[in-house]
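Below is one structure; the comments refer to it alone.
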Amino acid sequence: MKGSFWLAWRQQRVSAGIGAAALVVAVAFAAYYRSGMLDALHSGLFDHCATGPLYCTRSDTGLPLLLDVEPLKYLGALNIALPVVIGVFWGAPLLGRDRELGTHRMVLAQGVSPGQWFISRFALAAAITTILSGLAAGVFAWWWRPAADRSYGLFWYDNAALSGSGPRVVAAALFGLAAGTLLGLLARRVLAAMALTLLVTGVLTLLLEWTHWARLLVPPRTYVSAGSIPKPPMGEKWSAGDYGLITATGRHDDVLNCPYPSGTQLKECMAAHGYVARFYEANPAGDYWTFQWIDTAVLGGLAALLTVATVLLLRRRV
Amino acid sequence: MTGPDASVALCARGLGFHYRRRGGRALQDCEFTVPGGRITALVGRNGAGKSTLLHLAGGLLRPGSGQLRVLGAVPGTSEARARVALLTQDKPLYPRFTVADTLLMGEKLNSSWDRTSAERIVREGDIPFHARIGELSPGRRTRVALALALGKRPELLLLDEPLADLDPVARGEIMAGLMAEAAERGINIVLSSHVLPELEEICDWVLVLQDGRIKLSEDVEALRQSHAVLVGAADQAGTLAGQHTVVQSRTSGRQLTSLIRQHGPLRGDWHVERPRLEDVLIGYLQPGEPGHCAPAERTEAVA
């Protein structure tokens, strides 16, 4: 078994090196831009800003005041793309390269069983993937924290933060690896395996983004307020874009039936139409972790399922 | 190790196998026993099932039916893996590994490893250790693959067309080296080859496969002794029927040339020759149904 791990490391050390180098670059970028961000925060420019969702403006010119979070979003995008990158460049060739060259026959004719051949390389790849993706998610969290959930920073529900941080990044990377590994075993050519992996991991990544957007797995809550007084600010909640008026029977109606700000005009209009309250639907900030754990369970479960399928197919394919 | 079959190199009982994709049976009802200490030639035409049989013996495939034992062990078990080496026809190696890396891999992957002989085989081929496998000529690659197979000190060495891409000089050298190893360490070797004349010099057992079935599994010397090439008048063909097994016969004009497996004394007026192994093997590899007792009716047109 030690020998198979030696071979696995000998074959994966280049990929591991590239991954580590990419991470070091990411850390360097994070350190540079984060310190710039902290300087901006300490300059006192943002002291008058509320944390709410509205833009913070400069007191003198009235222009919007924002932290430079673009580079942070790039890191988030990279984390979101991680399952695709790892699946295509690490998972697909993991067994696929040997299958294409026929070298698994040479390895298996040496003192290695098919089980050892698979476990050694998959375990090594999974360990490195976990470490690299965990660190990438950690770097994002460290960089994001000072700017988190501020009007001039990055809210928790921004794609980059919601899908590019936390445990789901690790689960997604492992899913990419498992999908690539299975497709590498099934396809006879590495290139075909890579293309299939790109398709599968890409589609699933987009599908999960869509479930976030549609609030499919984490339904929003309904917040109700009387129409007479200004409603409490939405704060860090992620609006579902659905808001309006409620009748006494509980029917939800379009806000355009009474398109007025809080005040007498609105009150009169509401009374005339029989509305008793206003509502909006949104996910509270605490739902960040609900999204995270649901994604982690879905991706981790799929990764486990694909790994089991690979093990079962190993006997027939190798 | 000390089971009843321990001295048997290869033993098959009702062995069958078919590929799911290709359909059809690659091997069926194979029954044979290759005793220990032999150098066995596995002979058959293309597609006869030679590679399939070697892959089964090497544990890369699992039998569809029946059973196969290598040195008394089930192929693919850790006991068999430690004692059997297989060199497949395509001789796959990692193209980006250097020769030194490849030998180091052999050392890491096997419980026992004979570095000296592995390095000697490579050195005899004048192959630089720092060269990448992908840059080597096919012949040199074969040599490295062979070093990898021999380095694990197998008790049974399975070679699938090992010499196909070697030049005649290298072929002689490698064969001589193999024979020396085999004699020194008592390795069992099973090799498939199409180069029949070479087999006569090195092999003492033959396995003949035809269309997935075993036609012969016999000692070479016994095979040569029991067969005869007869040349005589064509009208005597009837004297052979019944008593002897006619493997192959050919009439040209009024003259009959016949390869027979002799059972008892010959009747009739025949010129008798002891066949070479090659002649016997070709006789058995010819299409048709040799082995039947009726004289074959294939007639060569007289030019």
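Throughout, protein chains are lettered first and strands after them, A, B, ... in sequence-line order, and every chain is numbered starting at 1. Computed from a prediction, not measured in an experiment: that's the story for all the values here.
Classification of B:Asp101 and B:Arg132 as a salt-bridged pair fails, no side-chain N sitting under 4.0 Å from a carboxylate O. For B:Asp90 and A:Arg105, the salt-bridge test passes: some basic side-chain N is under 4.0 Å from an acidic carboxylate O.
Inspection of the A:Ser163 and A:Glu209 side chains reveals an N or O donor paired with an N or O acceptor under 3.5 Å. Under the 3.5 Å distance criterion, with hydrogens and angles disregarded, no donor-acceptor pair is assigned to the side chains of B:Thr88 and B:Asp160.
With a threshold of 4.5 angstrom between heavy atoms, B:Leu61 does not approach chain A through any atom at all. For A:Leu7, the part lying under 4.5 angstrom from a heavy atom of chain B is the side chain only. Contact of A:Arg315 with chain B is made through backbone and side chain together, with heavy-atom distances under 4.5 Å.
For the set B:Leu86, B:Leu109, B:Leu104, the entry with the most heavy-atom pairs within less than 4.5 Å of chain A is B:Leu109. Looking only at heavy-atom pairs under 4.5 Å with chain B, the residue among A:Gln116, A:Arg188, A:Arg97 that has the most is A:Arg188.
Ring pair B:Phe97/B:Tyr94 is tilted by interplanar angle, where 30° to 60° counts as tilted.
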